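Just below is one structure, and these are the notes that go with it.
First the proteins, then the strands, lettered A, B, ... as listed; each starts at 1. Keep in mind it's a predicted model, so treat the numbers as computed, not measured.
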There are 2 protein chains.
Amino acid sequence: MARRSDKRERLIAAGCEVLYEQGLRGTSLADIAERAGVPLGNVYYYFKTKEDLARAVIAQRRLNIEARSADIEATIADPRERLREFIRRAGEARTQVATYGCPYGTIAQELGKTEGVLATEAGDLLRVQRDWVAAQYEALGLPCDEAKIRAIELLAAMQGTSLLTHTFCDASIMKREFERLDRRIAAQSLQ
Amino acid sequence: MARRSDKRERLIAAGCEVLYEQGLRGTSLADIAERAGVPLGNVYYYFKTKEDLARAVIAQRRLNIEARSADIEATIADPRERLREFIRRAGEARTQVATYGCPYGTIAQELGKTEGVLATEAGDLLRVQRDWVAAQYEALGLPCDEAKIRAIELLAAMQGTSLLTHTFCDASIMKREFERLDRRIAAQSLQ
DNA sequence: GTCTATACATGGATAGAC
DNA sequence: GTCTATCCATGTATAGAC
């Protein structure tokens, strides 16, 4: 119970990186242990199984997403400006995205194919973003249904752009398209 | 040389299915052999390695894409109507997409992360579609650069929608968004 | 709590009989 | 050309000393 070391945290942080870079099926526990500077056998003191570690990594990613949303909410009052900031921040990762894809979309896609249990939790990474975006559209006066539709439309544009940015290894695609999305939000009339 | 059986074709067809359903890393050669009704050891008579078989599967997918484009070109003369037909046909797969994702986007994403050699060939599945769509926009009078940008914008919307359709296991997302894309193309003025 | 050594399962690939 | 048996590497997981 009383743990003095930070190995668990290091393993999760290393897992975040390596799972993002190589996917779940493409990474061994030895990969993660090595990146974290922890001997392989010791991993099992902190996590019962590989799936367990993956779950912790996904939970951490989710915390990051929620922290970002909370930060935007705390610093920006206007829902429209919040959405623009959301797009702007996501767009900053374009170099990474060109190399490894979107950290949320790629894991949701990989785990959605086969991993029944993890699929839901990985999918939640996109679900919480959809819900947050929809909440901003609602705050702008759209009815609930319509807000949700617009949220999906925006996220789809972001995810699809990330996928092509990754596939074509070209960060300029993401720069251009995210700027377009930003302008669209800024100009959009919401009847 | 003179082969009487169709085992090679059966292996490729089975590979198309299983790789789509489970991803490359999630499928063993035994899975493919079983689906094709071929004993495991016999696979190696037709394909030197697993990567070799994967390459043949990707090449087959590419042929399918090119056949579809050729068919649309042969039956529809107006570039705008060709794009609408392209969207309509892709949208027909929405039930499958809800279960396994886009057959082209998911493989490009998975292989793009780590498989250096296969990554390019999988990426070509999206590249040829981008080029074909761009050619239609050019035929509509757009300059080459602008046509390419519009093509990426359209494919990004399709891919992102497919990803969310898959993640949320909800084919109605794809139905609604693809109809929206179709309407947008139909109405779009191209100055 | 930590780490080495190792058990055990899976899966790619090959040998060699037919 | 076909198929069985098997080799061997990798990777998850555990045993047990410290």
- Query: D/dT2 C1' sits how many Å from B/Leu11 CG, rounded?
  - Reply: 13 Å

- With a 4.5 Å limit on heavy-atom distance, are the side chains of A/Leu11 and A/Ile32 in contact? yes

- Message: Side chains of A/Tyr44 and A/Leu29, heavy atoms from C-beta outward: is any pair under 4.5 Å?
- Response: yes

- Interatomic distance, B/Ser69 atom OG to B/Arg82 atom CZ [nearest 0.5 angstrom]: 10.0 Å

- Query: Can you hop from B/Ile149 to B/Trp132 via hydrophobic side chains spaced under 4.5 Å?
  - Reply: no

- Message: Quick check on the hydrophobic clustering: are B/Val128 and B/Leu155 connected, directly or via other members, by side-chain heavy-atom contacts under 4.5 Å?
- Response: yes

- Does any residue of residues 47-55 of chain B have a heavy atom under 4.0 Å from DNA chain C, and if so, which ones, in number order? B/Thr49, B/Lys50

- Does OP1 or OP2 of C/dT14 have a side-chain N or O of B/Tyr44 closer than 4.0 Å? no

- Message: So, OP1 or OP2 of D/dT2: does either fall under 4.0 Å of a side-chain N or O from B/Tyr46?
- Response: yes

- Does any residue of residues 27-36 of chain B have a heavy atom under 4.0 Å from DNA chain C, and if so, which ones, in number order? B/Thr27, B/Ser28, B/Leu29

- Query: Tell me, for nucleotides 3-9 of chain D in 5' to 3' order, what letter each nucleotide earns: B for a base near a protein heavy atom under 4.0 Å, S for only sugar-phosphate near one, - for neither?
  - Reply: BB-----

- Query: What is the distance from CD of B/Gln22 to C1' of C/dT10, rounded to the nearest Å?
  - Reply: 14 Å

- Message: For B/Arg55, is there an ion pair with B/Glu121 - N to carboxylate O distance below 4.0 angstrom?
- Response: yes

- Spacing of A/Phe178 atom CZ and A/Ile173 atom CD1 [to the nearest 0.5 Å]: 11.5 Å

- Message: Is there a side chain to side chain contact (heavy atoms under 4.5 Å, CB included) between A/Lys113 and B/Tyr20? Walk through the geometry before answering.
- Response: CA-CA 9 Å; A/Lys113 282 224 179 192; B/Tyr20 175 43; 3.8 Å; yes

- Query: What is the minimum heavy-atom distance between A/Gly105 and B/Leu163, and which atoms define it?
  - Reply: O-CD1, 4.1 Å

- Task: With the side chain counted from C-beta on, respond yes when B/Gln136 and B/Arg150 share a heavy-atom pair under 4.5 Å apart, and no when they do not.
- Result: no

